[in-house]
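What follows is one structure encoded as structure tokens, with my remarks underneath.
On a predicted model such as this, the values are computed, not experimentally measured, just so you know. First listed ligand is number 1; within each ligand, the first listed atom is number 1.
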Amino acid sequence: MSVKDIFESMDYGPSPEGAGDALAWLVDQGSRFGHFIDGGYTAPGAGFDSRNPATGEVLATLTQATQGDVDAAVAAARKAQPGWEKLGGKGRARYLYALARLLQKHSRLFAVLETLDNGKPIRESRDIDIPLAQRHFYYHAGMAQLMGSEMPDRAALGVCGQIIPWNFPLLMLAWKVAPALATGNTVVLKPAEWTSLTALLFADICRQAGLPKGVVNIVTGDGAVGEMIVAAQVDKIAFTGSTEVGRKIRAATAGSGKALTLELGGKSPYIVFEDADIDSTIEGLVDAIWFNQGQVCCAGSRLLVQEGIAERFHDRLRTRMDKLRIGDPLDKCIDVGAIVDPVQRDRIVELVAGSEGEIYQAQCALPNGCFYPPTLISGLSQASHLMQEEIFGPVLVSTTFRTPDEAVQLANNTRYGLAASVWSENINTALDVAPKLAAGVVWVNGTNMFDAAAGFGGVRESGFGREGGWEGLAAYTKDAGKGKPIKSVVPFAGDESEPQPVDRTAKLYIGGKQTRPDGGYARNVFDKRGKLIGQAPIGSRKDIRNAVEAARGASGWTNATAHLRAQVLYFIAENLAARGDEFAAQIDRMTGGKTGAKEVEASVDRLFTYAAWADKFDGDVRSVPMRGVALAMREACGVIGAFCADDLPLLGLVSVMAPAIAMGNRVVLVASEPFPLVATDFYQVLDTSDVPGGVVNIVTGSHAELAPTLAAHADVEAVWSFSSSDLSGVIEQGAAGNLKRTWVNHGMARDWMGPEGEGRAFLDAATEVKTVWVPYGA
Ligand code: NAI
């Protein structure tokens with residue numbers, strides 16, 4: 001080829017990266033691996049081959065962990081944990097720095113090994129995966145350094161079981177291991193069965209860094225090993241992978257007291273307005289859906305283009321697709337590498353074959369090996385399978401919209417909520433649409449940007465919990481205080497047969513109105529001496545459903561200003577204070593105690609506290625190492641259902657209602673079961689305090705009977721329980737359906753009168769962090 005030819009075609013030849021060092025490292029290890037437990041590799045056992053998907057060649061043989069291996073790993077982690085935590089944040093920071101430095105020192109080895117094992121282009125593993133993994137360790141070394149001063153009341157959870165997927169093997173390891181170690185936890189990590197090699201190389205790095213034995217343990221194997229970790233005596237499970245497996249893990253850990261974060265699938269919209277910069281948008285789209293062959297949980301896999309430019313945009317897109325270079329992942333010049341495994345490629349082939357849309361595939365020669373061409377499918381209906389389901393391959397589905405409102409409606413028409421990209425040269429359009437998208441991450445005029453400082457994670461069935469930033473760190477810690485088991489509180493009994501004058505018949509409070517219970521039943525409520533005080537309605541499943549519907553309808557509250565929400569909370573406080581004596585007397589009468597006045601005072605104070613917080617619990621701005629900033633915006637969860645504390649009927653209710661509504665949520669509260677009549681009196685306070693109908697709904701009745709309905713309700717985003725009945729298991733189990741967030745007491749008491757009864761933990765639980773990446777600076 002002459003220089004003239006080269007200039008005319010602008011083509012370039014192959015530029016392969018050498019695989020020699022990585023292959024030599026595998027040979028040095030005997031090409032057979034055991035697990036990494038208690039600071040050393042175990043002898044290889046029966047297992048399976050790990051192959052290079054681009055060539056089909058066997059790279060190494062891995063060991064399928066047995067129950068004994070998992071037990072040994074958990075035992076090693078358990079033994080190491082107290083010492084690791086006692087080192088203190090500053091002591092741990094040194095190790096994290098050392099790990100970051102070693103990752104940097106061996107970055108080429110890691111990048112080549114990752115590409116050999118996973119099939120991703122070397123350009124990506126070299127420039128994205130490995131640098132981001134290093135950055136994660138550096139960032140969390142800093143977090144460990146600051147933990148003592150910035151999080152003095154937080155402690156490590158203990159031993160964390162971590163299960164990761166095959167799409168970003170080392171990066172997902174870094175996302176899991178760095179925050180866990182920074183906060184004083186020890187880990188048992190299982191890489192995905194197709195891509196375990198960089199995790200095993202990382203184990204070597206841990207040895208080189210002199211990490212104390214047992215702090216990091218790595219066991220290899222398939223989903224069965226994952227299940228063993230989930231069932232083991234660990235304190236937290238952190239999982240990234242499919243929504244299907246995430247749901248199984250939610251159900252399997254229900255009621256166990258194990259903390260859980262799930263980072264699951266997505267079908268993220270890529271929204272192009274007609275005033276977008278088309279060239280940038282097309283290049284962004286290449287990145288959104290063909291980065292890592294589309295095997296990215298937050299891939300921009302659903303293209304939404306404004307109608308006026310749709311035809312031109314699609315023409316340009318097809319032209320660009322034809323220019324993509326598919327080939328040897330080790331070639332520095334290729335854009336699209338191999339699919340991770342023939343099983344995954346077959347899944348993609350099958351999904352695309354079942355499509356009723358118009359299919360366009362890039363006009364490029366496919367090399368031998370496990371490859372799939374960049375594909376565009378248009379003309380699908382909104383409800384079609386491929387419009388809704390995650391394909392996890394280089395396949396883009398496309399549709400059009402007319403107005404910004406329609407774009408938002410289409411974007412949110414999914415069970416997922418991981419990420420979204422918005423493209424427009426008009427700042428008003430982009431920033432108007434961003435907050436309306438149901439997604440944990442939104443990129444404005446960009447896509448697939450990640451950083452350790454910026455929280456990443458989803459809403460809806462994309463899971464819960466964040467990785468990165470302060471919010472990611474918090475998910476590896478708990479309150480440092482020692483909790484006490486909760487005491488069951490039962491209603492006082494009286495003589496049911498003896499007719500006694502009833503001085504009041506309470507109702508439920510739904511949609512701003514006092515309503516009779518659907519079932520038409522009420523129960524007698526007695527005082528300590530067995531004297532009838534009144535009757536409380538027995539709420540049913542239907543009442544819960546009506547309350548949820550009312551809460552759903554009150555969405556205006558979420559969009560109201562924080563100032564207005566604060567005003568309403570102040571008003572509730574004033575009105576409650578005005579009737580303080582009456583409430584105090586009623587509490588004493590119901591509970592048979594003498595602390596009613598104190599409880600009313602604490603409730604008024606709590607309302608003032610959250611009125612104060614309403615416009616102050618803001619998000620923040622994260623410095624990310626690129627031309628932009630990441631805004632960590634605090635958004636309301638939506639509808640929160642809560643089972644209130646039994647022992648303090650007013651304070652328990654106010655303590656969950658106030659933070660939730662201060663942050664813009666609407667609530668369905670199930671009042672204290674033994675002492676419900678204080679809540680029913682509280683309706684009048686709400687009625688006189690300008691609380692819009694549906695923002696606060698209160699149901700009385702049996703916690704145990706109502707919990708399954710509230711927990712499983714598809715229109716509820718979060719469920720909390722501070723009940724003295726044991727509801728944790730049933731709530732976490734029910735929550736598996738739509739993967740709602742849960743905050744349950746696991747049988748532990750809370751001191752509602754003290755500082756434990758209010759503050760940031762409640763505000764954190766009442767909000768989701770949405771990370772919005774916006775261009776900023778030159
Ligand atoms: P997967 O969810 O089955 O695997 C992820 C990890 O979980 C692996 O380490 C696996 O061994 C482990 N695992 C599997 N079953 C388990 C169980 N019952 N308990 C505990 N751990 C278990 O994902 P898979 O089969 O590799 O891919 C299937 C589909 O999942 C993909 O086509 C894609 O749609 C989606 N996926 C999504 C990912 C994401 O990042 N959101 C990552 C990987 C897959």
Side-chain angles (χ1 to χ4, degrees), residues 47-48 50 53 62 64-65 70 117-120 129 161-173 175-176 188-199 218-232 234 237-253 258 260-268 291-299 301 339-352 372 385-386 388-395 414-419 440-441 448 450 456-458 460-465 467 736 739:
F48 51 96
S50 188
L62 306 175
Q64 169 80 5
V70 171
D117 200 17
N118 167 281
K120 62 174 68 207
D129 293 54
Q162 307 186 315
I163 300 166
I164 56 173
W166 41 260
N167 51 351
F168 294 92
L170 185 76
L171 184 57
M172 288 301 105
L173 174 148
W175 280 24
K176 299 274 180 287
V188 175
L189 176 130
K190 189 194 86 64
E193 49 273 42
W194 291 331
T195 56
S196 301
L197 297 179
T198 46
I218 293 169
V219 290
T220 52
D222 60 14
V225 180
E227 282 180 45
M228 290 178 207
I229 295 176
V230 169
V234 295
I237 294 291
F239 172 78
T240 298
S242 61
T243 294
E244 189 194 342
V245 172
R247 191 172 280 127
K248 278 190 202 160
I249 294 178
R250 168 68 293 178
T253 53
K258 289 172 194 167
L260 179 65
T261 45
L262 298 175
E263 202 268 274
L264 310 175
K267 190 78 181 176
S268 300
F291 167 52
N292 201 17
Q293 297 68 249
Q295 303 165 130
V296 182
C297 50
C298 54
S301 53
I339 302 294
V340 68
D341 190 272
V343 170
Q344 183 64 13
R345 189 192 45 191
D346 292 350
R347 240 178 238 161
I348 301 167
V349 169
E350 196 183 323
L351 280 166
V352 173
Y372 192 87
H385 190 58
L386 287 196
Q388 295 294 329
E389 284 314 308
E390 186 173 40
I391 300 173
F392 229 64
V395 182
T414 164
R415 65 191 171 106
Y416 296 112
L418 193 50
V441 183
N448 277 341
F450 312 101
F456 183 90
R460 298 180 170 176
E461 293 188 32
S462 292
F464 45 78
E467 295 189 301
L739 289 164

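- Scanning all heavy atoms of the two residues, the minimum distance from L418 to C297 falls at CD2-O, 3.5 Å.
- Between A192 and P165, the shortest heavy-atom contact is CB-C, 3.5 Å.
- Residue G226 approaches ligand 1 through these ligand atoms, each under 4.0 Å from one of its heavy atoms: 19 (N), 20 (C), 21 (N).
- Ligand 1 has no N or O atom lying under 3.5 Å from any N or O atom of K248, backbone or side chain.
- The two residues L264 and L739 come nearest to each other via the heavy atoms CD1-CD1, 3.5 Å.
- Looking only at heavy atoms of the protein, atom 14 (C) of ligand 1 is closest to G223 CA, 3.5 Å.
- Of all non-hydrogen atoms in S462 and G265, the two that sit nearest each other are OG-O, 2.7 Å.
- Tested against E389, the residues K267, R415, R347 include a single salt bridge (Lys or Arg N to Asp or Glu O under 4.0 Å) partner, R415.
- Heavy atoms of Q344 come nearer than 4.0 angstrom to ligand 1 in at least one pair.
- The protein heavy-atom contact nearest to atom 12 (C) of ligand 1 is I163 CG2, 3.7 Å.
- With distances taken over non-hydrogen atoms, the option nearest atom 31 (C) of ligand 1 out of E389, K267, R347 is R347.
- Taking every heavy atom of P165 and a limit of under 4.0 angstrom, the matching atoms of ligand 1 come to 42 (C), 43 (C).
- Looking at I348 and P394, their side chains come closer than 4.5 Å, going by heavy atoms from C-beta outward.
- The nearest non-hydrogen atom to atom 5 (C) of ligand 1, considering only T240, V245, I391, comes from T240.
- Among all protein heavy atoms, the one lying closest to atom 44 (C) of ligand 1 is F392 CE2, 3.8 Å.
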Atom pairs and distances, side-chain donor-acceptor, residues 222-230, under 3.5 Å, sequence neighbours left out:
unit_1: D222; atom_1: OD1; unit_2: Q64; atom_2: NE2; d: 2.9
unit_1: D222; atom_1: OD1; unit_2: A224; atom_2: N; d: 3.0

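- Contact check for W166 versus D341: no side-chain heavy atoms found under the 4.5 Å cut-off.
- Under a 4.0 Å criterion applied to the non-hydrogen atoms of K190, ligand 1 contributes the atoms 8 (C), 9 (O), 10 (C), 11 (O).
- Contact between F168 and ligand 1 is absent, with no heavy atom of the residue lying under 4.0 Å from the ligand.
- Residue E227 approaches ligand 1 through these ligand atoms, each under 4.0 Å from one of its heavy atoms: 17 (C), 18 (N), 19 (N), 20 (C).
- Between E461 and R247, some side-chain heavy-atom pair lies under the 4.5 Å cut-off.
- In terms of protein heavy-atom proximity, atom 2 (O) of ligand 1 is nearest to S242 OG, 2.7 Å.
- For ligand 1, the polar-atom distance check against G241 finds a nitrogen or oxygen pair separated by under 3.5 Å.
- Interface atoms of ligand 1 facing I164, defined by a heavy-atom separation under 4.0 Å, are 6 (C), 8 (C), 9 (O).
- With sequence neighbours excluded, the residues satisfying ring-ring contact (aromatic ring centres under 6.0 Å, His included) with F291 are F168.
- Contact detail for V296 and N448: the closest heavy-atom pair is CG1-OD1, 4.2 Å.
- Interface atoms of ligand 1 facing L264, defined by a heavy-atom separation under 4.0 Å, are 41 (N).
- Protein heavy atom closest to atom 40 (O) of ligand 1, with residue, atom name and distance, is C297 CB, 3.3 Å.
- Residue contacts with ligand 1 for I229 are absent, since no atom lies close enough (heavy atoms, distance under 4.0 Å).
- Short contacts between ligand 1 and E390, defined as distances under 4.0 Å to a heavy atom of the residue, involve ligand atoms 33 (C), 34 (O), 35 (C).
- Neither the backbone nor the side chain of T243 has a heavy atom within less than 4.0 Å of ligand 1.
- Within ligand 1, counting atoms from 1 as listed, the ones closer than 4.0 Å to a heavy atom of F239 are 2 (O), 6 (C), 7 (O).
- Within the 4.5 Å cutoff, the side chain of N292 has heavy atoms near those of the N118 side chain.
- Here the shortest heavy-atom distance to atom 10 (C) of ligand 1, taken over E193, Q162, E244, belongs to E193.
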Step by step, work out the side chain to side chain donor-acceptor pair (under 3.5 Å) result for D117 and S50.
-> CA-CA 7 Å; D117 200 17; S50 188; 3.0 Å; yes

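- Among all non-hydrogen protein atoms, the one lying nearest atom 24 (P) of ligand 1 is W166 NE1, 3.7 Å.
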